[in-house]
Each structure stands twice: as structure tokens, then as C-alpha cells.
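Comments concern the structure below.
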There are 2 protein chains.
Amino acid sequence: MNQFNDQALQHIAQYFKALSEPLRLRLLNALREGERKVGELTEICGCSQANVSKHLAILADAGLILREARGTSVFYRVADPATYELCDLVCGHIARRFASDDGWRTAFLATAGKSE
Amino acid sequence: MNQFNDQALQHIAQYFKALSEPLRLRLLNALREGERKVGELTEICGCSQANVSKHLAILADAGLILREARGTSVFYRVADPATYELCDLVCGHIARRFASDDGWRTAFLATAGKSE
DNA sequence: ACACTTGATTGCTATGTAGCGATATAGTGA
DNA sequence: TCACTATATCGCTACATAGCAATCAAGTGT
């Protein structure tokens with residue numbers, strides 16, 4: 001039983017780890033409104049295509065996004081819209097910590113997509 | 001605005017990063033029922049006290065737990081019970097992925113503390 | 001002051017990974 | 001087949017951090 005829990009903890013930790021890089025959060029944010037090609041995501045992120053591809057693979061491995069090749073392009077989309085609940089919860093936590101600073105609060109909510 | 005969002009993303013990523021290590025999840029799990037001393041947590045985790053102390057500091061820096069020294073002991077407790085909502089959400093996601101394997105599902109739910 | 005207990009910090013090694021440029025792979029069209 | 005486009009992978013460097021043993025720091029009781 002403890003061994004099972006160890007493996008379960010490792011899976012959960014891996015899930016959180018996938019969300020622990022700003023670039024990957026930016027990618028997820030870019031997928032809020034629907035699927036996108038790798039090229040589009042690369043433009044949005046402003047870094048190398050190789051890097052975007054690598055992080056997309058990490059998100060896909062963690063089960064957060066789904067890959068679908070159509071023609072010469074590859075489209076990614078979020079696997080479970082509930083993923084954003086996580087981000088919104090965290091934004092709420094952090095916003096509470098910085099509640100005294102309205103600028104920060106606004107920035108967090110905007111990032112979470114709550115006030116758009 | 002973009003700069004604010006960059007900083008916001010970094011904060012959110014840091015929050016997730018704090019949750020991305022099995023040992024830290026185990027510590028949070030041990031704090032479900034209330035505050036605990038470092039010594040108790042060290043026993044539960046079965047690793048060095050130095051390591052536990054370091055990870056507790058990381059959780060505290062991320063604002064996930066609160067520190068309170070009383071006498072020669074130091075007590076830690078969760079800062080926001082809503083933190084466990086995050087873990088439960090993730091457990092749900094993962095359980096859905098492994099829904100075909102009842103053993104895994106049971107292990108995940110037990111780890112989340114949902115079925116105890 | 002002294003020993004004792006508890007927790008934090010330091011110094012270290014090993015491992016993981018973000019980032020880039022270069023290259024490989026796969027699909028499309030001439 | 002050959003060029004062209006889009007994405008993935010490789011080789012690499014730089015940096016972060018998990019883990020331990022050893023030490024430091026702070027509080028307690030004698």
C-alpha cells in the first residue's frame with residue numbers, strides 16, 4: 001500500500017511539475033481559446049521552435065494537452081478544460097497573498113483569464 | 001502589462017513547483033490533520049532531518065505552510081486548507097487517466113485522503 | 001557555564017532540465 | 001526525385017536542486 005502511495009505521489013508531483021514552468025503556463029494560456037499549431041505557439045512565446053516543441057511534449061506526456069497531426073502541421077489542444085481550475089485556484093491563493101497591492105492582483109487575474 | 005504577466009506567471013509557476021516533489025506532497029499530507037513538529041515530520045518521511053527542514057522552508061517560502069516556533073520545537077501547519085483542493089483536483093485528473101486500473105484509482109484516492 | 005535537544009544551515013556530489021543551434025524526420029507539391 | 005515547409009530530436013552548456021553528513025544556532029534544564 002505504501003508503495004502504491006509512493007507511486008501515486010510521484011505521478012501527482014509530475015503533474016504539478018509540468019505546470020511549474022512559466023513557458024508551459026504561457027502555452028496552456030495560449031490554448032484557452034482552442035487548438036493551435038506549433039508555429040503559432042512559437043510566435044506567441046517568442047523563443048525557439050525547438051524549445052516550444054520540447055515543452056509541448058512535456059505537457060503532452062503529463063496528459064495536459066493532446067497532439068493531433070493534420071497535414072504538415074501539428075495541432076495541440078488542452079485535454080481537460082478543468083486544468084484551468086488549477087491555475088485559477090493558484091491565482092486566487094497568490095492574489096490573496098498580494099491583496100494589498102492592487103496592481104499585482106489585477107495582473108494575476110488577467111493572467112488567469114478571469115477578467116477578460 | 002506583459003511584464004506584469006511575466007512576473008505573475010513566474011509566481012504561479014513557483015507555486016506549482018513547490019508542489020512538484022513527492023516529499024513535499026508527503027509533508028503536506030502529514031499536515032492534513034493539524035500542525036506537527038519537524039521531528040514528527042522527519043519520522044513520517046523517513047529521510048534526514050536536514051532534508052525535511054529544507055523542504056519545509058521551500059513550502060513556507062511558497063506560502064503553503066506557516067511556521068511557528070514554540071520552545072525548542074518548531075510547528076508547521078497548512079496556511080490555506082484550500083491547498084488540498086489542488087491535490088484533489090489533480091488526483092481526479094490522474095485517476096481518470098488510469099480509470100481502467102482500479103488498483104491505481106484506489107491508491108490515488110487514498111493518497112488524496114478522500115476515502116479515509 | 002555546561003550539556004542536551006531541536007531545527008536550520010553549509011559544503012558537497014549527482015542528477016535534472018531549460019535554453020540554443022544544428023540536424024533529422026515527415027508531409028506536400030512540382 | 002527534388003525542393004520546401006513544419007515539427008521533432010540531438011548535442012551541448014549553464015544552472016537549479018535533491019540528498020547526505022557535518023556543523024551551527026537557539027532554547028531548556030542542571
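Lettering follows sequence order; numbering is per chain, from 1.
Residue B:R70 has no polar side-chain atom (N or O) positioned under 4.0 Å from OP1 or OP2 of C:dT6. A sub-4.0 Å separation between OP1 or OP2 of C:dT10 and a side-chain N or O of B:K54 is absent. Taking side-chain N and O atoms only, B:S53 has a distance below 4.0 Å to OP1 or OP2 of C:dA8. At C:dT17, none of the side-chain N or O atoms of A:H55 fall inside 4.0 Å of OP1 or OP2 (strictly under the cut-off). For B:Y76, no side-chain nitrogen or oxygen approaches OP1 or OP2 of C:dT6 to under 4.0 Å.
Here B:R24 lies in heavy-atom contact (under 4.0 Å) with sugar-phosphate atoms only. Backbone-only engagement by A:I58 is indicated by non-hydrogen atom pairs under 4.0 Å involving sugar-phosphate atoms exclusively. B:L56 comes within 4.0 angstrom of no nucleic acid atom, judged by non-hydrogen atoms across all strands.
A salt bridge between A:D88 and A:R32 is present, with a side-chain N of the basic residue lying under 4.0 Å from a carboxylate O of the acidic one.
Straight-line distance from the CG atom of B:L27 to the P atom of C:dG7: 13 Å, rounded to whole Å. The distance between atom CD of A:E21 and atom P of C:dT17, rounded to the nearest whole Å, is 10 Å. If you measure from atom CD of B:E68 to atom P of C:dT6, you get 18 Å, rounded to the nearest angstrom. In this entry the distance linking NZ of A:K37 with P of C:dA26 reads 20 Å, nearest Å. Residue B:N51 contributes atom CG, which lies 13 Å from atom C1' of C:dT9 at whole-angstrom precision. Look at CG on A:L25: it is 12 Å from P on C:dA18, rounded to the nearest Å. The separation between A:F16 atom CZ and C:dT17 atom P is 17 Å, rounded to whole Å.
Here the side chain of B:S53 pairs no donor or acceptor atom with the backbone of B:A50 at under 3.5 angstrom.
Linking Ile, Leu, Val, Met, Phe, Trp and Tyr whenever their side-chain heavy atoms come within less than 4.5 Å leaves A:I58 and A:F75 in two separate clusters.
Counting heavy atoms from C-beta outward, A:Y15 and B:H93 have side chains that approach closer than 4.5 Å. You'll find the side chain of B:V74 stays beyond 4.5 Å of the side chain of B:L56, heavy atoms only. Looking at B:L27 and B:R36, their side chains never come closer than 4.5 Å, going by heavy atoms from C-beta outward.
Note that the first and last nucleotides of DNA chain D, 5' to 3', having any atom under 4.0 angstrom from a heavy atom of chain A are D:dA6 to D:dT9.
Taking B:E85 as the reference, nothing meets the salt bridge (charged side-chain N to carboxylate O under 4.0 Å, His left out) condition, with sequence neighbours excluded.
Residue order along DNA chain C, read from the 5' end via each residue's closest nucleotide, puts A:Q49 first among A:T72 and A:Q49.
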